[in-house]
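Report on the structure given below.
In this chain, numbering begins with 1 at the start of the sequence shown. It should be emphasised that the depicted structure is a prediction, and the values quoted were computed from it without experimental measurement.
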Amino acid sequence: MPKLLLKFNAAVIKEIPFDKDSLSVGRKPDNDVVIDNPAVSGHHCRLARQGGTFFVEDLESTNGTFVNEKRVKKSGLHHNDVIGVAKHALVFVEDAPPPEPAPAEPPPVPDDATMMISPQKQAEMVASATASAKPGAAARVGWLRVLKNGVGPSEYELKGMSLYIGKSDRVQVQIKGSGLFGSAPEVAASVHRKPEGYVLVAVTDGYPLVNGAKVSGSVVLGEGDLIECGATTMVFELRG
């Protein structure tokens, strides 16, 4: 479970488990994380989880919210990011899941024994052999190729576990704003590599479009899907 370390100067004064979809931070006692300091606004900022994405959003505080010493309105969070709130700091710690135990080794099989294989295992072996016989059968990697109004490179390889899209200079893919939203959000969407494939999560609900449809929550991407974030249009591709 992710957690927050509340620090003052170099000392950790509290450890807060991130066991809810959102946590409010501020001076007033109705916050989940209360910081009794006159430089902290009554409701200073909010940390939230949406799909597989964690982010922090400033709540129009007087003295601002900072991520790694850079003032932000809204920003995605990564392991060990430091959120500055007046003279205090919240360190975001994303605990890795415990490793799965190694499977027990099967007992040795005599050389002359006949091995029994279930029908399901036979199908898996046939599929594996068929795939290895095809050219380009190795696992393919996702790419975003910018078609219109990009800011920066024209292609982005999804080589990590996650990639963020927005106006902020802390995200990997920067975009231009347009339409009802005006200026692009600091973080509009994110793409994550999961067992079911590449999943796009709408950090700003309804802002990203996939094949012309607004995304609320998340959607699994297919090859050739068009992604529109503001004025920027991209296509999702799988490459060997």
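Distance check, rounded to the nearest 0.5 Å: CG of L90 to CD1 of I35 gives 5.0 Å. Rounding to the nearest 0.5 Å gives a distance of 13.0 Å between SG of C229 and CD of Q174.
With a 4.5 Å cut-off on side-chain heavy atoms, V56 and F92 do not count as touching. A heavy-atom distance below 4.5 Å is not found between the side chains of L144 and V235. Looking at heavy atoms from C-beta onward, V219 lies out of side-chain contact with Y198 at the 4.5 angstrom threshold.
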Practice prompt. Carefully, step by step, assess H78 and F55 under the rule ring-ring contact (aromatic ring centres under 6.0 Å, His included).
Written response: CA-CA 9 Å; H78 302 81; F55 61 90; over 10 Å; no
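Between the side chains of H43 and D30, at least one donor-acceptor pair of N or O atoms lies under 3.5 Å. Inspection of the S24 and N31 side chains reveals an N or O donor paired with an N or O acceptor under 3.5 Å.
More than 12 heavy-atom neighbours from other residues, nucleotides or ligands sit within 6.0 angstrom of CD on E223. Other residues, nucleotides and ligands contribute only 12 or fewer heavy atoms inside 6.0 Å of the CD atom of E69. By the 6.0 Å contact criterion, CG on D19 is enclosed, its count of non-hydrogen atoms from other residues, nucleotides or ligands being greater than 12.
Under the 3.5 Å distance criterion, the side-chain polar atoms of S190 are left unmatched by any main-chain donor or acceptor of T53.
Cluster annotation: V203 and L47 are assigned to distinct hydrophobic clusters (Ile/Leu/Val/Met/Phe/Trp/Tyr, side-chain heavy-atom contacts under 4.5 Å, transitive). At a threshold of 4.5 Å between side-chain heavy atoms, the hydrophobic network of Ile, Leu, Val, Met, Phe, Trp and Tyr places L23 and L59 in two separate groups.
Between E228 and K214, none of the side-chain N atoms (NZ, or NE/NH1/NH2) sits under 4.0 Å from a carboxylate O, so this pair counts as no salt bridge.
Between F54 and F18, the ring centre distance stays below 6.0 Å.
Aromatic ring orientation, H88 versus F8: tilted (interplanar angle from 30° to 60°).
A pairwise comparison of heavy atoms in S22 and D32 identifies O-OD2, 3.9 Å as the closest pair. Looking at every heavy atom in both residues, V199 comes nearest to S218 through CG1-CB, 3.7 Å.
Of the candidates R71, K70, K74, K167, E186 forms a salt bridge (Lys or Arg N to Asp or Glu O under 4.0 Å) with just one, namely K167.
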